[in-house]
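Everything on this sheet refers to the single structure shown next.
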Amino acid sequence: MSDFFTTAILVATAASGVRLAVPLLFASLGETFGQRSGVLNLGVDGIMLLGAFGGYYAVLQTGSVWLGLLIGIVVGMLLGLVSALISVTLRAEQGISGIGIYLFGLGMSDLLFQKLVGTPLPITKFPKLNFPVLSDIPVIGELLFQHSVVVYLAFLAVPVSMYIINKTTFGMNIRAVGENPEAADSLGVSVNRIRYATVIIGGTLAGVAGAALAIDLGIFQQNLTNAQGFIAIALVYFGAWRPVGVMLGSLLYGFVNAIVLQLKTLAIIPPDLSDFAAMAPAIITILALVVVARRFKAPAALTKPYSRGE
Amino acid sequence: MLEMRAITKRFPGVLANDRVDFDLRAGEVHTLLGENGAGKSTLMKILYGLYQPDEGEILLNGSPVEIHSPTDAIDLNVGMIHQHFMMVESLTVAENVALGLPSNRGFRTDLDAVSERITELGTRYGLKIDPSATVWQLSVGQKQRVEIIKALFRDANLLILDEPTAVLTPQEVDQLFKTLRQMTEDGRGLIFISHKLHEVLALSDRITVLRQGRITGQVPVEGATRESLARMMVGREVKLAPDKPAVEPGRPRLRIESLTVLGDRGDEAVRSLNLEVRAGEILSIAGVSGNGQREMAETIGGLRQPTSGAIFIDDTDVAGKTPAEIRAAGLSYVPEGRMKNGCIGAFTVSENLLLVDHQKAPYVKWGLFDFGVIKEHSAQLVKQYAVKTPTLDTTARSLSGGNIQKLILAREISGTPKVLVASQPTRGVDIGAAEYIHKRLVEQRTEDTAILVISEDLDEVFALADRIAVIYEGQIMGMVDPATTSREEIGLMMAGVHPETTSDRP
């Protein structure tokens with residue numbers, strides 16, 4: 001155990017926690033938009049998987065991580081559009097239809113991987129940034145200033161999301177549609193248009209999350225996300241539908257995950273118990289969810305499809 | 001300014017509007033009067049773009065218009081105050097007002113400018129409100145002000161008010177009417193939908209009456225009376241207040257002693273409330289909704305647990321007992337939510353009539369239903385209580401509100417209860433059925449039943465009550481005799497002003 005409590009290891013663990021939080025942060029911020037407008041998209045994990053494969057494959061073929069990220073965006077957008085079509089236009093039961101998207105993403109990403117790639121070939125990872133002076137500061141440098149661009153993008157997305165949701169007309173419409181779509185409709189706000197927009201934003205960010213995960217690990221395999229998309233949905237509740245809360249939740253999960261990984265690497269946890277230890281992040285998240293999330297109210301129209309005059 | 005010509009709207013199985021003509025002049029209040037389901041709301045939803053008419057045309061200021069959505073309506077300066085507030089509770093007043101409108105600052109919201117205009121409009125029309133307050137914190141009357149400001153903010157010249165007074169105290173109604181008059185003086189036209197006859201007479205310039213989708217009368221307010229309007233609504237003579245034979249009240253049969261009950265949010269909805277209802281009398285509880293009357297009724301019925309206090313039916317304390325135990329002690333209960341607690345929509349008429357006694361002889365023999373007896377019993381009740389149903393095996397939910405209410409009443413009264421609690425017994429019920437329900441309640445007094453009627457409708461309170469108890473914030477503000485008390489006095493008590501202070505007024 002004493003091996004763990006050295007500065008070098010603690011800092012490395014914390015830095016890796018920040019990195020591990022990134023896919024969750026993207027995905028749960030995206031889901032926040034959808035849920036604030038009243039749409040629960042349970043398909044996040046499926047979109048992440050296809051975004052991950054798309055991103056991986058693009059990098060494998062071209063060597064460009066940025067093209068990989070772009071493909072993740074495009075794949076996410078398209079699947080977001082499909083999700084919106086199902087839950088907004090077709091008004092499907094949101095608790096069920098998202099599972100369909102998930103299963104589709106899970107199967108399709110694996111199928112494409114088997115057909116197009118077959119053996120897990122490693123790909124180029126995101127380059128780490130190196131800030132003059134800042135990156136060389138002990139502890140803080142490693143913790144904050146030696147990450148890839150994607151990490152900074154993810155954390156930059158938090159204040160941007162806050163601004164959009166709280167300070168723009170679009171954000172006000174999102175909140176209104178999620179709480180009382182009838183009222184919004186009666187004032188000429190198009191409920192469907194707003195929900196399409198938020199679900200597509202959610203899909204896009206889920207696609208980015210998947211691509212970021214695959215390119216960060218430099219690998220793709222079946223079920224790469226390991227249900228992180230579902231954790232992301234839980235984190236939206238944990239974060240009480242607020243970007244900052246969602247960020248704190250993602251970081252908590254990232255840190256716990258990093259600690260467990262580190263303890264495994266240092267063989268502090270015996271190998272035969274490591275599968276149990278792998279559950280720790282999920283369990284801690286659920287417990288936190290139970291304790292924290294009860295105090296906040298979900299958007300009133302969450303999971304309720306809207307149609308005029310009913 | 002508005003002409004609706006030969007508007008026809010069909011829903012599956014219903015002709016909601018049948019060649020309805022309706023017009024509105026600038027500066028007038030034109031009332032649409034009719035029972036539930038008469039087609040008032042349908043007609044107005046057509047005007048506001050929520051429904052499309054099957055036939056007919058709409059002319060605004062002389063030119064034909066097509067209104068496909070509320071946005072079209074707003075663009076044509078048509079505003080609507082809905083019966084149920086159309087507001088986002090978690091947003092502020094200013095945000096609710098700004099919703100759907102373009103902002104002066106592009107994609108960013110411009111709530112300061114909106115707030116300024118809200119204050120301006122508020123001063124002009126007597127609609128004081130804090131623009132930065134969150135809507136869920138507002139009282140019902142304040143929410144209504146926000147609704148009106150929303151319409152004024154969008155320059156509504158033609159404003160539809162769908163039962164705007166349903167949830168207001170008499171004083172709030174007076175204030176609302178003042179605001180509305182100010183608006184007509186500015187040349188705006190108002191369409192007022194209501195079924196409260198005295199309000200209709202107080203506010204309108206003209207009145208159009210609808211029945212079953214057709215116009216049955218269009219009269220100026222001069223010369224109209226409550227009786228003449230009721231006749232047009234129902235199609236026959238209606239007694240608005242039942243004849244009440246004098247019954248000498250006997251001993252107290254329902255006694256509530258320092259009852260305290262928590263509401264849904266954990267606050268004290270009923271606070272050490274004391275009340276006595278005597279055999280052979282109707283005691284009406286008057287009050288604005290949300291002052292603890294629902295929680296009190298639910299506690300008497302056993303649907304909610306009190307935190308302290310006692311409820312005696314004759315000499316049995318039933319506080320905190322189960323509904324079955326309380327019913328066994330002699331309570332009958334007509335709950336506020338007809339479909340929620342009053343009956344089971346998917347069950348048949350006959351099954352619903354049986355509900356309370358479904359484990360007792362003679363309906364059950366050797367653990368099995370005796371369908372012969374059950375059928376006979378329900379056929380008799382249906383006939384006796386004039387429940388209009390095609391068969392005894394029709395599901396309750398396919399009946400009209402009035403008939404469901406009669407069905408529940410039949411079940412509850414037929415056992416000759418010691419105590420009868422009726423919550424909002426005629427809410428949303430047509431005048432004909434309400435007339436009948438009132439008659440039955442009054443008759444029940446001669447059976448020595450102690451009757452507690454909870455109602456937000458002051459007309460009903462006055463028509464039924466031997467004594468009126470006014471409830472405010474979970475306590476009885478005062479007990480008055482309907483024969484010697486005015487609506488205004490009760491209204492003040494409903495708003496929380498003590499009766500002692502009211503009598504001191506000049």
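In what follows, every chain begins at residue 1, and chains take the letters A, B, ... in the order their sequences are listed.
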- Query: By side chain to side chain contact (heavy atoms under 4.5 Å, CB included), which residues pair with A/F255, not counting sequence neighbours?
  - Reply: A/A14, A/V18, A/L251
- For chain A, which residues from residues 63-78 of chain B have at least one heavy atom closer than 4.5 Å to it? B/H68, B/S69, B/P70, B/T71, B/I74
- Task: Evaluate the side chain to side chain contact (heavy atoms under 4.5 Å, CB included) criterion for residues B/E95 and A/R175: first the C-alpha distance (whole Å), next the side-chain angles of each, then the deciding distance (0.1 Å), finally the verdict.
- Result: CA-CA 10 Å; B/E95 284 177 322; A/R175 286 180 286 144; 3.0 Å; yes
- Contact leader toward chain A among B/M80, B/E89, B/R154, where contacts are heavy-atom pairs under 4.5 Å: B/R154
- Item | Top contributor to chain A contacts, counting heavy-atom pairs under 4.5 Å, from B/G49, B/G100, B/P102 | B/G100
- Query: Where along residues 26-45 of chain A does a heavy atom come under 4.5 Å of chain B, listed by residue number?
  - Reply: none
- Message: Test of understanding: with side chain to side chain contact (heavy atoms under 4.5 Å, CB included), list the residues that count as partners of B/S398, not counting sequence neighbours.
- Response: B/T394, B/T395
- So which part of B/H82 gets closer than 4.5 Å to some heavy atom of chain A, the side chain, the backbone, both or neither? side chain
- Message: Within the 4.5 Å heavy-atom criterion, are B/M86 and A/L187 side-chain neighbours or not?
- Response: no
- Identify the heavy atoms of B/L99 and A/A184 that sit nearest to each other, and give their distance. CD2-CA, 4.1 Å
- Task: Answer yes or no: is there a side-chain heavy-atom contact under 4.5 Å between B/L91 and A/E179?
- Result: no
- Message: With a 3.5 Å distance limit and no angle check, can you tell me whether B/T109 reaches the backbone of A/K167 through a side-chain donor-acceptor pair?
- Response: yes
- Query: Where the side chain of A/T169 meets the backbone of B/F107, is there a donor-acceptor pair that is under 3.5 Å apart?
  - Reply: yes
- At a heavy-atom separation under 4.5 Å, does B/R105 approach chain A through its side chain, its backbone, both, or neither? neither
